[in-house]
Every structure is written in C-alpha cells, then in structure tokens.
Colleague: 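The structure under discussion is supplied below as structure tokens; questions concerning it will follow.
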Amino acid sequence: MTIRAIEQEKDGPIFHLRGKVEIHYATYVLYADSADYDSDTGDATAEGHVVLDGGPNDEHVKATHGTYNIRAETGRFENVHGTAGIRIRARHAILTSPNPFAFSGKVVEKTGPDHYRVYDGTITTCELPHPKWEFNAHKLVVEVGGNAKIYRSTFRIMGVPVLYLPFATHPIERLPRQSGFLVPNIGRSSIKGTVLGESVFWAINRSTDATVGTQYFSKRGWAPQGEFRTQPSETSFLDFNFYSVLDRGFGHPKVDQGGEDIRLSGEGRFADNFRGVVDIDYLSSFIFRLAFNDVFTEAVNSEVKSQAFLSNTTHGSFYNASVRLYQDFENDTPPLEVVKIIHAPSLEVSAVDRQLGRSPFYWSYGAALEGLYRSEPGFHTAPLVGRFDFTPALSLPLMFGGWSFRPEISLRDTSYTEHLLPTSGIGVARSSAINRKAFEGSVEILPPALNRVFDRDLLGRKWKHVIEPRINYRYVTGISNFAEILRFDERDILSDTNEVEYALVNRLYAKRSSGEREDCGPEGMPSLTVGRPGARNPIPWERGVPVGENPCQKIPRVREIVSWELAQKYFIDPTFGGALRLGARNVFTSTADFTGIAFLTDSSLRRFSPLISRLRVQPTMRTEATWAVDYDVKSGHVNASTAFLNYRFGLFTIGGGDAYLRAPGEALSSTHNVQGQGFNQYRLLFGYGHTGKRGFSGATNFGVDQNLGVLQYSAVQLAYNWDCCGVNLEYRRFALGSVRNENQFRFTFALANVGAFGNLRRQERLF
C-alpha cells in the first residue's frame, strides 16, 4: 500500500490525511480531499471529491462522501456517479469493455469486490452528465462483469418517462448472454395493418441460444417465428429459422396467402480434410414468399434450393456424397405448378491433372453415380432414375517461344436406367436403359501476350497495357441419341459439336508512382451496392467485410484498373451432330458455358454465336463499374445487357444498374411482328453517412420495370445516432402485381448494449 497526501498525521494506527489524498492498494486507488485511515482494520473515511478508481473492470466511482474498507473492498458512498468498462485518462475516456455502462445514485453500497447496490439511482450506457436514455430505479443491484438487476424502474428518453418496469435486467458482462423477454416491436403496413410482436430469448449455454416469438398483424392474423443457433466449435455452426403466417385472407373474395418458410444451414469441418454442409430451404408456396418476405430480391425469387453434402479433398482427389433438391414455382395461385429435380443420392469422385509417370502427359478423371427424379406439369420420371457417368482425360501441355498449347482428349460414358421418348410436347419417360458415349478432343492455344509499359505518368500512376488473345478448338462426336436423354442438370445437355472459340482480353494496370498507398478507406456505405450481394459470412448471424472492401496496403501495389473481354464462337457444324431443332429453344453444353442466353432458336442454321463483351472498370477501391453485353451478329441487335455502377466519395454513395433481356425466338409484339421477349429493369440507390456515424445518415433505393412502367420496389431509410442510441425510420413499398401492393412504415430505436425497440430488422436495412 502507498499513501500520499499534502499533510499526513499518524495517531497510532490512524492516519489523518489532508489535501490531494491518494491511497494505492492492489489495482485500486482511492482519492479524496481528506481522509482518515485505520491501518489495523483497513477502514477509510473520505470527504470531498471522493474517487475510487481501478480494478479488473476499470471501475470509476465519484462521490461527495464515502466510507470504505480497503481489505474487504466494501463501503458506502453518497451522491455517486460511476462507470465501469471505461478507463479515464485526463480528459479522455478509453473503452475497455464491449459493454461499458454508467450509473448514479443517492447512496451506493459496495458489498464486494464486484458488487454494488444503488439506491434511488440510474443506469445507462450514455455519456454523463446528460444521458440520452436511462433506467431510473428505486434499487439497482450491479454485478460488474455480469448483470444489473433493476427494481421498480422507469425507462426514460431525454428525461421523459416512456415505460414502467417492475423488474428488468441489463447485461453488462463482457460477453452478454441473458435469457428473458426481448424489447417488443411495433410497426404499420397497409396490407398487414398494425404490427405488434414479442419474443423470448433463451441463452442455453455459451455456444447455443434460441429465440421464439410471434407477431400480430391486425389485418391478417398471427405470424409465429423462431430461430435456433449453435456454434459448438470454431469450425462448425448450425442455424435453424422458422417463419409462418396464419393468414385470415386478403382481398375480395378472401385469398389465403399464408404459409411457412423453414431454413436450416450448417457447416462442420472434421479431421482428415472432411467437410459437411447442410443448406435446406422449405417453402410451402410461392405466393407466401411474394406476400410476406420483406427483402425484395428474396420475395421475387421463385426458386427453392436445398442440399446437404459430405466431402473430402486429399492429395488432389475430391470425394463427395450429397443430396440435392431443386424447385421452381411456375405460378403463384393454386393449383401450383412446380418443377422439381431431386439428386438423392449422389456420389462423386474426381482428380485434378497429374503427371503420367515421367512422361510429358497429364491425366485426370471424374465419375458420378446418382439417383435422380424430375417432375413438372405434364411430365415425370420414375421415382428413382439411375445415372452413371465416367470421364477420363489425357492432356499434353506444350510451350514454344512464348506460345502455349494444350491438346486434350477425353472419353465420356453415361448410362441411364430410363430414356425419353420424344413427342410433340415434353416427351414421355420410358423405363428402358440407354447409354450415351462421346469422344471429345480440344486444343487450347494461348499466343504470347502483348504488353506495353508507358513512359509518362498519368494521374500520379505508372500504366501498363496487356493484350491477351485466346483460341480454343473443341470437337465432340458419338452422341447420336441426344433427343432421348432425360434432362436433370448440366451433364445431360452434352451434344456433338465442332467449333472454334476466339477471344481477346485487354487489361490496364496502374501503380502509384508517388509512393502513396491506394485510397481505400471505409468512408461511404460499402454495404450499399447494386449488382452483387455482400460477402456471405461463414456464420450467417455474423457480418463480415462487404465485397470490395479490401484492407489498405502499406506500400503501393499494382491494381487492375480495366479489364475488357471480347469473345465469340464459330460453329463448323451448325447442326450439332443433328441435335439442333430448328424453330425451337436449344440448350447445349457449348452454348450454356458461353452465354446465359439460349440463342439457338432460329428457323435457319447459324455459324456464329453472339459476340459477348465483358467490361469491368475499378479505378479506386471506392468505384466499380461493370457492363456485360451479348450482341447477336445475325439479327443485328442486343440480346442481353447488364450494367452496374457503384461509387463512394466521402460520406456519399451512389449506385445504379440496368438489366435488359431480349430472348431470341419468342414473340415480343404480335402487332409489330417483333421477335424476342422484352425485359428491362433498372435500380438506383443513394446514400449518405454509414452505420456507425454520429448524427444523420440516410439512404434510398428503388427498382423500376421499364417495359411495364411500374415502380416495383422502393425504400427510404433515415437514421440519427447519438453516443449511446440511435433511431432508424423506413418507408418501404412493394408493387408485385395482384399479389402484393403494400406500403410499410417501420422504425427501430436502438440502445447501445441493450437492444432495439421496433420492427426494422438489421438484416433488412439498406445500410
């Protein structure tokens, strides 16, 4: 122990201390204007500007008077203001805990090293002396590093009483997990009515919890929901979500749009390079998703995909056992028309290229044994169709004077226990076996890349231009029964072909010549982007770094500013070995791998594929633009065009996107005899600020269907954050035909380290 004071007087075991008193013991310091200390008992009586500072939780207690036993770490203080989890240094406060808090009271009793009793006081996570919110209670029992129990309290915002609670708990531990009722949520919707909800959180153990609750829609009915989460290890997790609506009906006459959406996702990594994944989605009906999902991109998605697999990768070999289910809802009203494809079970094995002995040849293989099923309106297969596929390959990589050649040959043998009997419609599945054999040969030619480094700097950077040509010849023969093959996935659309693909890639690189690192700070709203989803996290309830947010480098680095690829195919055999059907929609491996547009729909043969262009520009880490175009040289028009732009400058974020499709071969207008199915939609977004910014932030986005002239979706969010709380307001509109025409008004009032009041969920915010 160390005692300091301007004046010290010792009377036996009693120390009389006056002026700037400091008593240092263990990790604590007791300050006061004057104090009397008994060295025999450890009792200290302090007067004037009393401060108790230190401890493992960085406690800081200020009072006008106090009695304290240094050895037992117990005492009584009057007119108290205190904090925990905050280290005070001069005029600066440093947070040392993810859950710092502040409290005050007329009387505070310290009953143990980490225990306080506060009478007629408050507790908050805001800065004192004027907190934005606080619990004002008759009695508080605070366990530092644990929980605060609050008795007979009123919750106040800006000093105004809002809610009375006979009992409440406030987690103040470093990793807060406390079972109990969550803050209720409330909102308003034009088709749901007033929205009221409540949930219960159960902290089962350190790695497992569950949330169960329900919402009441005054116009529609009840909406039960729940979530179970567990993370038994650093490399495994399981997340189960359930959401349903018990719908009373909508419109005149009443239409029941209720249903269930159940999702199960999990992953586990085991010894010897084994990895297991489960990702299951059950949807009772597409109309339920359209009517009640509050995320636009999910609401309009008619596909439901589920899979579970166990895989192993060892020494260049891949082994996989999986079960997969694919569903596509063709309509949203009963009777439902659904395309269903099942892979159960599916056993796959493959190997990467490896050298054949000491020869210059390389070999690889792939094999799969699967049980399959497919059904759609007017067609279905047997409950279990067997398919065995085996593909060995042999290649010879060669290099001559900067030229790269890679000839490869492969054999493919695929057997089915059923075959397709072609008819005027889809066809009929027949229970007789069929075998498909194919020989494939290809040559990939990569000429030397042309490059030039420019002598003069531009915009403070050195520049380099690279041109990369590519030629690929491919020949497949032996498939004489293409029309009799059942279609389940990409393995079944292999056809004869004799084709040449040629491409030219331009790349523009830059490096700062000034020695400064790239400008890639976190300003703006990196989570607010058009055209691509944010980064998917290994664990679904944790947020990761958004796509495009790479950390800044300490030294200048070379960056690809522009990449532009032009590619096209020439079909030496335009009939694809007789598999082509003129005037119908044809999808083959050679076309599906090249472009997503089924362009083989003409009434006459074609030699050239559409010319595809893929342009990407990223001058800074805050700016990105992409433009993908498929231009049909035969018809002289664009089949598809997709453009996206995302730009952040300072605290401002803007983005835009346009998706245009003109599917060949389908009537766009019967009156004008124009061919092609029209689709043109664009998205725009604007934002200011970011999630953690104090003060005002805001964002808006909307989507328009240009052909229909309809605003499909729009949202506006405004946020204002203080030091310990924030409010978010949102207006959201859906216009999804006759199923959903809805205006939503949602809000959230969030309290730091406590929770959120309202119904605007974090995963549904724009930023």
Side-chain angles (χ1 to χ4, degrees), residues 1-55 57-91 93 100-124 126-131 134-144 148-153 172:
M1 179 183 295
T2 302
I3 298 176
R4 296 174 183 167
I6 294 178
E7 296 180 7
Q8 298 188 27
E9 180 182 345
K10 188 174 185 299
D11 183 7
I14 307 298
F15 288 81
H16 301 288
L17 310 173
R18 302 292 181 267
K20 296 184 179 181
V21 177
E22 297 182 17
I23 302 177
H24 296 253
Y25 68 100
T27 58
Y28 287 91
V29 183
L30 179 64
Y31 300 91
D33 290 341
S34 63
D36 294 328
Y37 172 66
D38 189 332
S39 60
D40 287 344
T41 62
D43 290 326
T45 301
E47 298 285 348
H49 298 94
V50 179
V51 176
L52 178 64
D53 202 0
N57 297 292
D58 291 304
E59 301 159 45
H60 182 76
V61 178
K62 297 191 297 182
T64 58
H65 171 79
T67 58
Y68 191 70
N69 187 284
I70 291 174
R71 297 174 184 173
E73 298 185 23
T74 60
R76 187 178 186 274
F77 301 90
E78 298 177 1
N79 302 317
V80 176
H81 289 85
T83 62
I86 304 175
R87 186 172 299 166
I88 307 298
R89 291 292 180 268
R91 296 182 179 181
F101 70 97
F103 61 92
S104 64
K106 289 184 178 180
V107 175
V108 173
E109 295 178 353
K110 194 172 190 294
T111 58
D114 298 316
H115 297 268
Y116 291 89
R117 293 181 183 270
V118 182
Y119 297 94
D120 297 325
T122 66
I123 188 170
T124 183
C126 299
E127 293 180 357
L128 299 177
H130 303 293
E134 62 184 4
F135 282 103
N136 192 300
H138 172 68
K139 176 183 176 183
L140 299 96
V141 178
V142 179
E143 182 180 351
V144 181
K149 298 177 182 179
I150 308 170
Y151 300 87
R152 295 165 50 190
S153 67
I172 55 179

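Because the structure is a prediction, the values reported are computed rather than measured.
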Colleague: Can a side-chain donor-acceptor contact be found between His115 and Glu143 if the only test is distance below 3.5 angstrom?
Modeller: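 No, His115 and Glu143 have no side-chain donor paired with an acceptor closer than 3.5 Å.
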Colleague: Minimum heavy-atom separation for Ala102 to Thr83, with atom names?
Modeller: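 Residues Ala102 and Thr83, closest heavy atoms: CB-CG2, 3.9 Å.
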Colleague: Just wondering, do Lys20 and Arg4 contact through their side chains at under 4.5 Å, heavy atoms?
Modeller: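 No - every pair of side-chain heavy atoms lies 4.5 Å or more apart.
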Colleague: Quick one: which of Ile23, Asp43, Asp38 gives a side-chain contact (heavy atoms from CB on, under 4.5 Å) with Ile70?
Modeller: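 Answer to the side-chain contact (heavy atoms from CB on, under 4.5 Å) test with Ile70 among Ile23, Asp43, Asp38: Ile23.
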Colleague: Kindly indicate whether the side chain of Tyr68, heavy atoms from C-beta on, has any atom under 4.5 Å from the side chain of Val50.
Modeller: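 Result no, sub-4.5 Å side-chain heavy-atom pair not found.
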Colleague: Taking all atoms of both residues into account, what is the closest heavy-atom pair of Val108 and Tyr116, and its distance?
Modeller: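 Heavy atoms of Val108 and Tyr116 come nearest at CG1-CD2, 3.6 Å.
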Colleague: Taking atom NE2 of His81 as the centre, does the number of heavy atoms from other residues, nucleotides or ligands within less than 6.0 Å exceed 12?
Modeller: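 Check fails, neighbour count at 12 or below.
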Colleague: What are the two closest non-hydrogen atoms of Arg71 and Asp40, and how far apart are they?
Modeller: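 Residues Arg71 and Asp40, closest heavy atoms: NH1-O, 2.5 Å.
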Colleague: Tell me the closest heavy-atom pair linking Ala63 and Val80, and the distance in Å.
Modeller: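 Taking Ala63 first and Val80 second, the nearest heavy atoms are CB-CG2, 3.9 Å.
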Colleague: Do Ile150 and Ile123 make a side-chain contact, defined as non-hydrogen atoms from C-beta onward lying under 4.5 Å apart?
Modeller: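 With C-beta onward as the side chain, the pair touches.
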Colleague: Just so I know, are the side chains of Val107 and Arg76 near enough to count as touching, which here means a heavy-atom distance under 4.5 Å?
Modeller: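 Sidechains of Arg76 and Val107: in contact.
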Colleague: Output side-chain donor-acceptor pairs under 3.5 Å for residues 6-18, partner residues at least two apart or in another chain, one line each.
Modeller:
residue, atom, partner, partner atom, Å
Lys10, NZ, Gly12, O, 2.4
His16, ND1, Asp36, OD1, 3.0
Arg18, NH1, Ala35, O, 3.4
Arg18, NH1, Asp36, OD1, 3.4

Colleague: Residues in side chain to side chain donor-acceptor pair (under 3.5 Å) with Glu22, at least two apart?
Modeller: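 By the side chain to side chain donor-acceptor pair (under 3.5 Å) rule, Glu22 matches His24.
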Colleague: In sequence, state the C-alpha distance, the side-chain angles, and the governing distance for Glu109 and Tyr119, and then conclude on side chain to side chain contact (heavy atoms under 4.5 Å, CB included).
Modeller: CA-CA 9 Å; Glu109 295 178 353; Tyr119 297 94; 3.8 Å; yes
Colleague: Is the closest side-chain heavy-atom distance between Leu140 and Phe103 below 4.5 Å?
Modeller: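 Contact flag for Leu140/Phe103 side chains = no.
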